[in-house]
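Worksheet: the structure to be examined is printed underneath.
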Amino acid sequence: MSTEAQPRDFIRNIIAEDLATNKHDGRLATRFPPEPNGYLHIGHAKSICLNFGVAEEMGGQCHLRFDDTNPIKEETEFIDAIKEDVKWLGFDWGEHEYYASNYFEQLYAWAVQLIKAGKAYVDDLSGEQMRELRGTLTEPGQNSPHRDRSVEENLDLFERMRNGEFKDGEKVLRAKIDMAAPNMNLRDPAMYRILKAHHHRTGDAWCIYPMYDFAHGQSDSIEQITHSICTLEFADHRPLYDWFIEQLGIFAPRQYEFARLNLGYTVMSKRKLQQLVAEKHVSGWDDPRMPTLVGMRRRGFPAKAIRTFCERIGVGKSDSWIDMSVLEDCVREELNEEAPRAMCVLDPLKVVITDYPEGQEEIFSAPIHPQKPEMGQRQIPFSREVYIERDDFMEEPPKKFFRLGPGREVRLRYGYVIKCEEVIYNDAGEVVELRCSHDPATLGAAPEGRKVKGIIHWVSADRALPVEVRQYDRLFNVESPGANKDVDFREEINPESMKVVTRCFGEPGLALASAGEAYQFERLGYFCTDSRDSRPDALVFNRTVTLRDSWAKAK
RNA sequence: UGGGGUGUCGCCAAGCGGUAAGGCAACGGACUCUGACUCCGUCAUGCGUAGGUUCGAAUCCUACCACCCCAGCCA
């Protein structure tokens with residue numbers, strides 16, 4: 001066996017090869033280039049883990065660069081949120097925080113250089129006229145009537161564009177490439193447009209802004225990025241970036257494209273996410289049902305789980321749909337390891353232990369984590385009246401059900417084995433209370449002469465801590481929302497994606513739960529206090545993910 | 001019918017001419033004071049299809065088929 005780390009995907013293979021052949025003097029630089037016009041989602045996490053991960057593993061550096069070339073859509077709020085999310089994921093860009101807007105002056109100079117070389121021209125066509133002359137996928141386009149303006153005129157016009165002499169949309173700077181190119185991106189693409197808008201960083205210094213296509217490749221070049229990693233849809237743009245770089249005679253990064261992440265039963269498009277927020281289908285970008293990193297964080301997904309997920313799904317070029325179960329497994333794996341255990345009854349059913357003295361209380365000691373004794377013990381009070389989960393009792397239990405039923409025995413976790421002696425009904429015939437006996441010899445010991453397989457969670461009635469629990473489920477009812485062209489994706493929202501349960505009872509120790517802290521509610525799932533709405537005197541827990549439940553499957 | 005890209009188990013994904021890794025899911029079983037965790041099994045004579053080259057092909061060649069992306073003064 002080789003002791004070398006094995007590359008895990010085609011991009012790492014390429015980089016390892018480049019490093020081995022000393023391609024850039026052994027230098028490696030990547031970058032994560034978000035546009036600050038929204039919050040980061042799990043799809044971005046894939047890119048972040050790739051770019052930062054590769055740099056970390058292979059001795060390179062990774063830049064955080066904001067591609068802020070469109071002042072109309074971008075805001076400082078998003079910049080701060082993006083930085084926080086990247087940090088939360090566990091990555092550090094160090095000194096390498098950049099903005100495409102920092103390069104505006106250089107980009108302008110390069111545009112002038114291209115004009116002087118006869119490779120760019122100012123066009124007067126409207127957007128609509130440009131579209132008409134662009135041709136179609138199968139027919140070539142036609143040259144703009146302004147394509148052959150003199151260098152002097154173009155220089156003059158472009159300067160006047162910068163000086164604000166024209167209105168928005170009146171003129172545009174275009175690259176002079178080939179209107180008949182089979183690649184649409186090469187049909188004289190726009191380089192600069194007039195936008196009399198306030199930019200979040202450059203203020204009102206500019207009224208012309210470079211297009212992404214004229215800024216992105218050169219920004220990578222300026223930063224000496226060796227490997228420009230982006231998603232598949234930009235493969236068609238690569239020839240354009242290469243063209244600019246070649247005309248300009250500047251450092252040439254190599255671009256590699258990978259398939260973006262698709263996750264089942266959610267949406268990843270920024271437009272759709274924005275819509276969900278704007279139309280209040282969710283409570284905000286950080287709604288725990290959102291696939292945003294802020295949402296997942298609030299939901300209780302550990303950053304480590306998201307990184308594991310990104311590793312597990314791999315990096316390839318084929319369009320892929322990842323099953324939510326992969327993410328959930330990563331979350332469970334991490335939380336199982338870290339989360340302290342506690343008992344909490346979501347749908348309480350009162351149980352009276354008739355042969356246990358009134359007013360008496362015992363304190364049971366239970367491990368905080370059964371597999372990790374070093375995490376210590378917790379104290380759980382027990383008394384004559386307890387609450388159990390309504391689901392853990394059945395009047396007519398099937399054979400395979402080994403919880404409570406009339407005349408049946410079950411163990412109260414970390415407590416006694418109890419036996420259901422009597423069922424109390426209300427006038428409507430609903431079960432409202434159970435009368436049970438207990439076996440005093442079963443505390444920490446197996447019952448004699450019989451087996452009790454069922455173990456249920458419970459909470460002592462007079463010490464029960466009332467809490468609110470929010471049970472989250474998938475946001476959409478269909479695996480690929482919006483895929484059906486005849487149905488608006490908003491109609492595919494799962495109306496039961498959030499169930500709020502207000503009268504749950506937790507064990508008393510839960511009162512100490514701090515903001516965002518994760519617990520395993522035994523037999524139920526992983527929960528964490530809601531970072532927005534939970535207060536020490538009114539705890540609110542979000543269900544992060546349920547435990548696996550083979551009983552539910554068996555039913 | 002232009003250009004770019006992709007097709008290996010239900011979902012991802014290794015593989016780079018020497019006889020199909022791994023994960024998730026699923027299904028059995030063991031263990032268990034969480035029907036959890038853990039553990040142990042099972043799960044592609046087959047790699048989009050059809051030909052060809054070769055002692056040997058998922059890997060090379062040819063043709064075909066399917067799906068995704070591109071006609072913003074968005075990124």
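Every chain is numbered from 1 and lettered A, B, ... according to where its sequence line falls, protein lines coming before strand lines.
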Scan residues 476-485 of chain A for pairs that pass side-chain hydrogen bond (donor to acceptor under 3.5 Å, both in side chains), counting only residues two or more places apart or in two chains.
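Qualifying pairs: none.
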For [N] versus [M], give the span between their [atom1] atoms, rounded off to a whole number of Å.
N      : M      : atom1 : value
B:rC60 : B:rU8  : P     : 16 Å
B:rA44 : B:rG23 : C1'   : 16 Å
B:rU6  : B:rA13 : C1'   : 14 Å
B:rG52 : B:rC40 : C1'   : 46 Å
B:rC65 : B:rA26 : C1'   : 31 Å
B:rG51 : B:rA57 : P     : 14 Å

G-U wobble or Watson-Crick pairing nucleotide for [N] (cut-off 3.5 Å, both distances):
N      : value
B:rG7  : B:rC65
B:rU53 : none
B:rG22 : B:rC12
B:rC33 : none
B:rG2  : B:rC70
B:rG28 : B:rC40

How many Å lie between [atom1] on [X] and [atom2] on [N], as a whole number?
X        : N      : atom1 : atom2 : value
A:Phe401 : B:rG35 : CZ    : P     : 11 Å
A:Met179 : B:rG3  : CE    : P     : 18 Å
A:Phe10  : B:rU6  : CZ    : C1'   : 11 Å
A:Asp213 : B:rC73 : CG    : P     : 10 Å
A:Lys270 : B:rC74 : NZ    : P     : 15 Å
A:Leu240 : B:rA75 : CG    : P     : 13 Å
A:Trp551 : B:rG35 : CH2   : P     : 12 Å
A:Glu479 : B:rC12 : CD    : P     : 9 Å

Syn-anti status, with the boundary at 90° from 0, for the nucleotide B:rG72
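Syn, which is what one calls it when the glycosidic angle falls within 90° of 0.
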Which part of the nucleic acid does [X] contact within heavy-atom distance under 4.0 Å: base, sugar-phosphate only, or nothing?
X        : answer
A:Phe402 : base
A:Val315 : sugar-phosphate
A:Pro370 : base
A:Arg403 : base
A:Arg131 : sugar-phosphate
A:Ser550 : sugar-phosphate
A:Leu125 : base
A:Glu257 : nothing
A:Gly444 : base

Under a 3.5 Å threshold, yes or no: a donor from one side chain and an acceptor from the other, between A:Glu338 and A:Tyr526?
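Side-chain D/A pair, A:Glu338 to A:Tyr526: absent.
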Given that A:Gly415 and A:Ser320 both sit by RNA chain B, which one's nearest nucleotide is further toward the 5' end?
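Looking at RNA chain B, the more 5' nearest nucleotide goes with A:Ser320.
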When you match A:Phe521 and A:Met130 each to their closest nucleotide on RNA chain B, which lands nearer the 5' end?
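It is A:Phe521, whose closest nucleotide lies nearer the 5' terminus.
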Over 60° means perpendicular and under 30° means parallel, so tell me whether A:Tyr108 and A:Tyr192 are parallel, tilted or perpendicular.
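Perpendicular.
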Just the table, please: protein N/O against nucleotides 67-70 of chain B N/O, every pair under 3.5 Å.
from: B:rC68; atom 1: O4'; to: A:Asp319; atom 2: OD2; distance (Å): 3.4
from: B:rC68; atom 1: O2'; to: A:Asp319; atom 2: OD2; distance (Å): 3.4

Contacts of type side-chain hydrogen bond (donor to acceptor under 3.5 Å, both in side chains), residue A:Glu507, not counting sequence neighbours
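Result, side-chain hydrogen bond (donor to acceptor under 3.5 Å, both in side chains) vs A:Glu507: A:Arg378.
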What residues, two or more places apart in sequence or in another chain, satisfy salt bridge (Lys or Arg N to Asp or Glu O under 4.0 Å) together with A:Lys119?
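Scan of A:Lys119 (salt bridge (Lys or Arg N to Asp or Glu O under 4.0 Å), adjacent residues dropped) gives none.
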With sequence neighbours excluded, what pairs up with A:Glu223 under the salt bridge (Lys or Arg N to Asp or Glu O under 4.0 Å) test?
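Partners of A:Glu223 by the salt bridge (Lys or Arg N to Asp or Glu O under 4.0 Å) criterion, ordered by chain and then number, come out as A:Arg65.
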Which nucleotide, B:rG15, B:rG35, B:rC73, lies nearest any side-chain atom of A:Asn13?
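Nucleotide nearest to A:Asn13's side chain: B:rG15.
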Any [X] side-chain nitrogen or oxygen under 4.0 Å from OP1 or OP2 of [N]:
X        : N      : value
A:Arg134 : B:rC73 : yes
A:Thr69  : B:rA75 : yes
A:Arg187 : B:rA71 : no
A:Ser318 : B:rA13 : yes

Determine whether the aromatic ring centres of A:Phe244 and A:Trp110 lie less than 6.0 Å apart.
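So the answer is no for these two rings.
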Looking at the rings of A:Tyr416 and A:Phe382, which for Trp means the six-membered one, are their centres under 6.0 Å apart?
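Yes, they do, as the ring centres are separated by less than 6.0 Å.
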Non-neighbouring partners of A:Ile245 that pass side chain to side chain contact (heavy atoms under 4.5 Å, CB included), sequence neighbours left out
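Expected list: A:Ser221, A:Ile250, A:Ala252, A:Pro253.
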Which salt bridge (Lys or Arg N to Asp or Glu O under 4.0 Å) pairs, counting each pair once, include a residue from residues 260-275 of chain A, with sequence neighbours left out?
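Output for this query lists A:Glu233-A:Arg260.
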Where at least one partner belongs to residues 207-216 of chain A, residue pairs that pass salt bridge (Lys or Arg N to Asp or Glu O under 4.0 Å), sequence neighbours excluded:
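Non-adjacent pairs meeting salt bridge (Lys or Arg N to Asp or Glu O under 4.0 Å): zero.
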I'd like to check the ring pair (Phe, Tyr, Trp, His ring centres under 6.0 Å) partners of A:Phe309; sequence neighbours left out, ordered by chain and number.
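With sequence neighbours excluded, A:Phe309 shows a ring pair (Phe, Tyr, Trp, His ring centres under 6.0 Å) to no residue whatsoever.
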Atom OG1 of A:Thr231 and atom NZ of A:Lys46: how far apart are they, to the nearest 0.5 Å?
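Output value for this atom pair is 9.5 Å.
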What distance do A:Trp206 atom CH2 and A:Leu107 atom CG have between them, rounded to the nearest 0.5 Å?
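Spacing of CH2 (A:Trp206) from CG (A:Leu107) equals 8.5 Å.
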Under 4.0 Å protein heavy-atom contacts per nucleotide of nucleotides 22-27 of chain B, with B for base, S for backbone only and - for none:
-SSSS-
Any residue in residues 189-197 of chain A with a heavy atom nearer than 4.0 angstrom to RNA chain B? Just list them by number, or reply none.
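Those residues whose heavy atoms fall under 4.0 Å from RNA chain B, taken from residues 189-197 of chain A in numerical order, are A:Ala190, A:Arg193.
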For residues 313-327 of chain A, tabulate all N or O donor-acceptor pairs below 3.5 Å that involve a side-chain atom, not counting sequence neighbours.
from: A:Asp323; atom 1: OD1; to: A:Ser325; atom 2: N; distance (Å): 2.9
from: A:Asp323; atom 1: OD1; to: A:Ser325; atom 2: OG; distance (Å): 3.0

Donor-acceptor pair (no angle test) under 3.5 Å: A:Gln371 side chain, B:rU38 base
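Side chain to base: no pair present.
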